[in-house]
Amino acid sequence: MDSILVTGNGPLSGDIPIAGAKNACLTLMPATLLSEEPLTLTNAPRLSDIRTMTVLLQSLGAEVTALQDGKVLAMSSHGLTTQRADYDIVRKMRASILVLGPLLARFGHAEVSLPGGCAIGARPVDLHLKAMEALGAEMDLRDGYVHAKAPAGGLRGGIIEFPFASVGATENALLAATLAKGTTEIRNAAREPEIVDLAQCLRKMGAQIEGEGSSTITIQGVERLGGATHRVVTDRIELGTYMLAPAVCGGEVTCLGGTISLVESFCEKLDAAGISVEETEKGLTVARRTDRVKAVNVTTEPFPGFPTDLQAQMMALLCTADGSSVLEEKIFENRFMHAPELTRMGARIDVHGGTATVHGVERLKGAPVMATDLRASVSLILAGLAAEGETVVSRVYHLDRGYENVEDKLSAVGAKIERIQGQ
Ligand code: EPZ
């Protein structure tokens, strides 16, 4: 397994390109299952999760061709051979459950392995299943698979009311409702930019959708969907992650293609910490002009609140803040696994359940640390960028799921970082 070696190397300066959003691409790709016509995605990120979704769609008989070094995905589902998504692929990535809605809507049945939990939590899919039932489907759970069956005439429009704004369940419901007969209303829908991006792509395919980005999305089902070409929205989590590099190290970095609208609540916290963010036509220019950032409190919430996917990275910044910060993780039940690793670098963090209190120290010290999940891994790299001495982050396969060429992007702005090939 590869590792990443980071050495504290002072202020950063330059531009970092931001890729297309992993979490948009992972819900856009299953949309190809809804139509016989080709669906082409541009600005796709080159990530292992995208390759996993590619293998899953190909296992169903879809054609997925990566062009332009993987930045373009040309897909077609005119010749699907099965509606069964096998455990050996689904277990690798939770987002695999997003093939359920499209398969059920277009073919009237689907067998999808339950994804299982992951490091950050149990992550059940009960809301996905309830959404399909609200559209008339029968869901039978047996031998680790969801056996879903639509009514004889196909899915029927209905009211889907979520107890909380689940991103994936909203995406599955939206995908399925495009072909359900009649009107579907999704209440307490998630409002993430990735859902807005999905709705815009489905609309290009002929879907009739209103209200995406708000808490209520209304869909008029159509007979069939056509093809489309769609550009994947900029990755707001990669954007926020790299905005923290100059915040942690000092200096000034422009994240190309970034806009405030993608990371508004995150920018409010950076401002409170004393970090300046300016939107230009190139992207977001971030600078730290003080010796130490100020302590700030953070609570993760569904969009437009502070993103849970930036909590670990923000914690890395606050480890050296002037004062104590309280971070509340409200979305996942176990998303502080980066805390003990940061503590190995000299951070002072008290974790009690879903709350972590970070007492800022002057400077962290490099140490060997271990990545436990995707966002924790990049949090450790951020901490290593400003720490005294060398930090070696192991198990970086987690990192490669969600960040393309981290070492190249950070080296280009002056960071001392390299990948060590695993034994
Ligand atoms: C999406 O996961 C993202 N993944 C996650 O990003 C992100 O952290 C999360 O949304 C929240 O923003 C993708 O888009 C591929 P949820 P998802 O359904 O859809 C519980 C990353 O780092 N829940 O909003 O799984 C669930 O256990 C990843 O890129 C149920 O209880 O998130 C969690 O505690 C990590 N039942 C909470 O809701 C359900 O049926 C939020 O889950 C579904 C979810």
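In this text the structure is predicted, and so the values were computed from the model without any measurement. Both ligands and their constituent atoms are indexed starting at 1 by order of listing.
- Contact annotation for Arg335 and ligand 1: only side-chain heavy atoms (C-beta onward) come within less than 4.0 Å of the ligand.
- Taking a cutoff of 4.0 Å between a charged side-chain nitrogen and a carboxylate oxygen, Arg419 and Asp408 do not qualify as a salt bridge.
- For Val167, a nitrogen or oxygen atom sits less than 3.5 Å from a nitrogen or oxygen atom of ligand 1, counting backbone and side chain alike.
- Of all heavy-atom pairs spanning Leu12 and Pro246, the tightest one is CD1-N, 4.2 Å.
- Both the backbone and the side chain of Ile331 come within 4.0 Å of ligand 1, judged by heavy-atom distances.
- Any N or O atom pair closer than 3.5 Å counts here, and Asn23 shares at least one such pair with ligand 1.
- In Gln58, the CD atom is crowded: over 12 heavy atoms of neighbouring residues, nucleotides or ligands sit closer than 6.0 Å.
- Ionic pairing of Arg106 and Glu36 is present here: one or more N-O contacts between side-chain nitrogen and carboxylate oxygen are shorter than 4.0 angstrom.
- At a heavy-atom distance under 4.0 Å, no atom of Ala169 approaches ligand 1.
- Of the heavy atoms in Thr308, only side-chain atoms (C-beta onward) come closer than 4.0 Å to ligand 1.
- In terms of polar-atom proximity, defined here as any N/O pair under 3.5 Å, Leu127 does make such a contact with ligand 1.
- Contacts with ligand 1 closer than 4.0 Å are made by heavy atoms of both the backbone and the side chain of His128.
- Glu279 and Thr259 form no side-chain donor-acceptor contact under 3.5 Å, judged by distance and modelled atom types alone.
- Summarising the contacts of atom 39 (C) of ligand 1 with Ser166, Pro124, Cys25, the nearest heavy atom is found in Pro124.
- Near Arg94, the atoms of ligand 1 lying under 4.0 angstrom from a non-hydrogen atom of the residue are 25 (O), 43 (C), 44 (C).
- Distances below 4.0 Å separate heavy atoms of Lys22 from the following atoms of ligand 1: 21 (C), 29 (O).
- Salt bridge absent: Lys22 and Glu238 never bring a charged side-chain N and a carboxylate O closer than 4.0 Å.
- Pairing each heavy atom of Arg231 with each of Lys204, the nearest pair is N-NZ, 4.3 Å.
- Between Gly168 and ligand 1, an N or O atom pair is found at a separation short of 3.5 Å.
- Within the 4.0 Å heavy-atom criterion, neither part of Glu171 lies near ligand 1.
- Heavy atoms from both the backbone and the side chain of Asp126 come within less than 4.0 Å of ligand 1.
- Ion pair Arg84/Asp86 flagged as a salt bridge, since at least one NZ, NE, NH1 or NH2 atom sits closer than 4.0 Å to an Asp/Glu carboxylate oxygen.
- Looking only at atom types and distance, the side chain of His78 has a donor-acceptor partner in the side chain of Glu63 under 3.5 Å away.
- In Glu133, the CD atom is crowded: over 12 heavy atoms of neighbouring residues, nucleotides or ligands sit closer than 6.0 Å.
- No part of Phe303 comes within 4.0 Å of ligand 1, judged by heavy-atom distances.
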